[in-house]
Amino acid sequence: MNDLTPEERDAPIYSTFSELYEKGFSLDTVTWVFVLGIHIAAVALGIWAVVAAPQDWAYIAGIWGITQFVLGSLSTTLYSHRLITHNATRQVSLPVHLFFCVFGQILSVQGSVRRWSANHVLHHGVDRHGKKELDPYSATWFPDSLRNFLWSHTLTHLFNHPESEEYQRAHNAKRHAVIMWQDKYYGLLTTFWLFLFPMGLGYALGGWVGFFSLMTGSMVASVLVQHNTWTVNSVTHMWGWTKGLRSSAVNNYIWLGPLGEGNHHGDHHDFPRDYRNGFGWSGWLLDPTRYCILALRALRLVGPLNSASVREEAEIFAARKLANIRSRSKISAEASELYEQLEARVLELRKDWLEAVSRWESLRKESKLVQQATARRNEIAQEIRAAKAHVEARKEEFFAAVERLHSQIPGYAN
Ligand SMILES: [Zn+2]
Ligand SMILES: [Zn+2]
């Protein structure tokens with residue numbers, strides 16, 4: 001799979017939407033009527049709140065909407081995505097399951113956790129087996145950006161997809177009792193939290209004005225949180241700067257998406273079981289969901305968290321550099337000859353860098369172990385500083401070698 005160049009991997013497999021019908025896709029009537037219905041309701045109620053609602057109630061509708069938007073976004077990102085689909089931890093406590101399944105995730109209007117998770121497993125599965133016709137929301141099925149955007153962003157959700165063995169397997173993978181229960185009663189839970197609850201509470205507090213105001217908050221937030229979540233499948237697989245290694249996902253460092261999921265999507269595809277969404281300092285800066293997961297961990301509501309080691313991150317960075325230069329070296333016989341001549345040196349520098357990273361990492365671990373023993377502390381701190389400097393030097397040497405190779409390959413433009 002990794003031998004394919006990004007161009008080969010992302011080549012289209014369909015030319016128009018109508019081909020999908022021949023492959024067994026069909027419109028899902030309940031879903032498209034529901035999605036269209038909440039869009040119409042959101043626009044109509046939104047206009048009413050701006051033009052005709054009393055100002056106090058318009059503010060209340062706004063606060064209601066923002067709360068649902070944040071909670072819904074967080075629930076998909078934190079719970080359905082990182083904790084459940086990607087097993088960022090092995091232990092999720094019952095209160096966490098209950099809060100998100102019974103309440104939080106319903107607000108994101110993304111289908112049940114079980115269904116969402118199965119589809120997302122298929123989305124990532126493609127990075128391993130390459131059968132991209134199985135990726136339910138691929139952004140590379142069609143030859144043009146418009147079709148790819150429309151499909152990955154919205155249309156995919158309005159269709160019944162042909163069922164595959166892989167889908168059945170993914171669907172059966174998440175069998176926690178609360179998740180199964182939510183899947184069974186998803187329709188009722190949605191009816192209650194998105195409609196009956198705001199309607200009833202609004203009417204009790206403010207009669208028909210209250211009824212329509214809270215429904216405005218609920219409908220507008222439902223539409224916004226849906227589109228916000230869908231951008232992870234569309235925007236982050238189409239536009240950005242740093243290309244991931246295994247997928248069409250790209251790091252764009254700007255688009256936060258649902259609370260941190262949208263900006264380092266390339267990093268996420270290259271190390272999916274990480275509780276964080278991105279490597280390095282920009283990952284810390286752009287990922288509010290990781291703070292919430294760390295808070296759950298501090299409260300012992302979830303178990304130990306998975307994350308890439310510094311060595312694993314460095315391996316991914318090095319592999320990206322090499323994949324980029326390998327695909328560039330294919331552009332001419334001259335370039336490929338040059339690459340062959342310099343490949344051994346570049347690979348040696350990569351090895352030196354990764355070994356330096358490992359040494360630094362093991363020293364840091366050792367340092368934690370001997371923190372009580374003050375006699376060794378200063379000595380180790382000094383060794384760590386030296387090891388870190390060594391890592392930087394080896395990394396720079398590897399990057400410089402790759403850059404030299406880049407500049408010598410004719411036609412290199414990236
Ligand atoms: Zn993705
Ligand atoms: Zn994912």
Side-chain angles (χ1 to χ4, degrees), residues 1 6 9-10 73-89 92 100 105 108 110-111 113-142 145 148-149 151-157 161 166-167 170-171 173-174 226-279 283 286-287 289-290 293 305-308 316 320:
M1 182 55 202
R9 186 192 60 208
D10 299 339
S73 295
L74 185 73
S75 301
T76 307
T77 306
L78 185 154
Y79 180 77
S80 308
H81 188 223
R82 299 193 203 177
L83 297 189
I84 300 303
T85 305
H86 291 299
N87 296 318
T89 175
V92 178
F100 288 111
Q105 194 263 351
S108 70
Q110 294 292 315
V113 173
R114 191 166 175 235
R115 188 166 182 273
W116 192 95
S117 180
N119 281 327
H120 198 72
V121 165
L122 294 179
H123 173 65
H124 278 269
V126 178
D127 302 351
R128 276 179 285 108
H129 55 56
K131 292 186 242 164
K132 79 170 179 185
E133 67 280 9
L134 295 177
D135 180 354
Y137 28 75
S138 170
T140 59
W141 274 4
F142 301 98
S145 303
N148 281 327
F149 179 80
W151 177 257
S152 57
H153 190 77
T154 304
L155 294 177
T156 175
H157 304 288
H161 293 232
E166 278 85 352
Y167 179 78
H171 203 61
K174 308 292 168 187
Q226 275 190 322
H227 284 280
N228 191 34
T229 310
W230 293 339
T231 59
V232 181
N233 307 328
S234 56
V235 173
T236 67
H237 275 268
M238 295 182 74
W239 298 292
W241 292 278
T242 312
K243 277 192 175 189
L245 197 57
R246 298 190 182 89
S247 64
S248 58
V250 193
N251 286 349
N252 61 57
Y253 312 109
I254 292 177
W255 181 248
L256 277 184
L259 299 193
E261 213 65 53
N263 48 72
H264 285 75
H265 204 54
D267 287 357
H268 169 62
H269 270 266
D270 286 344
F271 203 90
R273 64 177 189 279
D274 205 313
Y275 80 94
R276 312 163 302 167
N277 183 55
F279 305 143
L286 298 170
D287 188 14
T289 296
R290 93 166 56 173
I293 297 181
L305 302 167
N306 293 324
S307 63
I316 290 168
R320 282 180 191 165

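Counting starts at 1 for both ligands and their atoms, following the listed order.
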Salt-bridged, Asp287 to Arg82, with N to O below 4.0 Å?
-> yes
Carboxylate-amine/guanidinium proximity below 4.0 Å for Asp270 and Lys243 | no
Establish, yes or no, whether a centroid distance under 6.0 Å links the rings of His237 and Trp141.
-> no
His269 ring center within less than 6.0 Å of His265 ring center | yes
How open is the angle at the Zn ion (ligand 1) from atom NE2 of His237 over to atom NE2 of His265, rounded to 10 degrees?
-> 100°
To the nearest 10 degrees, calculate the angle at the Zn ion (ligand 1) involving NE2 of His123 and NE2 of His269.
-> 100°
Round to 10° and report the angle made at the Zn ion (ligand 2) by NE2 of His86 and NE2 of His120.
-> 100°
For the atoms NE2 of His81 and NE2 of His268, give the angle they form at the Zn ion (ligand 2), rounded to 10 degrees.
-> 90°
